[in-house]
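Computed from a predicted structure; not experimentally measured.
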Amino acid sequence: MGLKKGDEYIASLKSLGLEANVMGEKVEDLPDHPLITPSVCAVASTFDFTHRDECRDLFQLKGQPSA
């Protein structure tokens, strides 16, 4: 199994049911919060880049990913 794709990464974050206080507001769906979403999308883009042929040489997977 290789690295996740961006949409799989976002789905995995959502499945965790993460909660936090953001600027004093309790947020129950953290990946969808307007202040958090840009960071989540940036990381998801990195996962997507690992699957592009022209970018494969830029990324290395070390160790065995867990199932």
Side-chain angles (χ1 to χ4, degrees):
M1 178 178 174
L3 290 173
K4 296 179 190 312
K5 293 186 178 178
D7 58 344
E8 295 169 328
Y9 167 73
I10 292 171
S12 72
L13 286 180
K14 290 181 179 186
S15 74
L16 294 173
L18 300 171
E19 296 180 5
N21 286 313
V22 178
M23 298 182 68
E25 170 193 356
K26 183 178 180 180
V27 177
E28 294 182 0
D29 192 7
L30 198 57
D32 285 331
H33 188 278
L35 290 175
I36 305 300
T37 298
S39 297
V40 170
C41 290
V43 174
S45 293
T46 302
F47 277 94
D48 285 337
F49 276 117
T50 66
H51 294 277
R52 293 175 59 178
D53 288 335
E54 64 271 21
C55 297
R56 286 185 190 265
D57 291 339
L58 300 174
F59 298 94
Q60 283 187 329
L61 180 62
K62 293 187 178 186
Q64 194 68 5
S66 59

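Taking all atoms of both residues into account, the shortest heavy-atom contact from Ser12 to Ser15 is O-OG, 2.8 Å. Among all heavy-atom pairs drawn from Pro31 and Leu13, the shortest one is CG-CB, 3.8 Å.
The stretch residues 36-45 participates, sequence neighbours left out, in no salt bridge (charged side-chain N to carboxylate O under 4.0 Å, His left out) pair at all. Screening residues 35-46 for salt bridge (charged side-chain N to carboxylate O under 4.0 Å, His left out), with sequence neighbours left out, gives no hits. Legend: ring-ring contact (aromatic ring centres under 6.0 Å, His included) pairs involving residues 20-46, not counting sequence neighbours: none detected.
Atom NE2 of His51 and atom CG of Leu3 lie 5.5 Å apart (nearest 0.5 Å).
Lys5 is linked by a side-chain hydrogen bond (donor to acceptor under 3.5 Å, both in side chains) to nothing, counting only residues two or more places apart in sequence or in another chain. For Asp7, the salt bridge (charged side-chain N to carboxylate O under 4.0 Å, His left out) criterion is met by no residue, not counting sequence neighbours. By the salt bridge (charged side-chain N to carboxylate O under 4.0 Å, His left out) test, Asp57 is found to be paired with no residue, residues two or more places apart in sequence or in another chain being considered.
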Tell me which donor-acceptor pairs under 3.5 Å the side chains of residues 17-29 have, and how far apart each pair is, sequence neighbours excluded?
none

Donor-acceptor pairs under 3.5 Å, side chain of residues 38-48 to any protein atom, not counting sequence neighbours: which ones?
from  : atom 1 : to    : atom 2 : distance (Å)
Ser45 : OG     : Cys41 : O      : 3.0
Thr46 : OG1    : Ala42 : O      : 3.2
Asp48 : OD1    : Gly6  : N      : 2.6

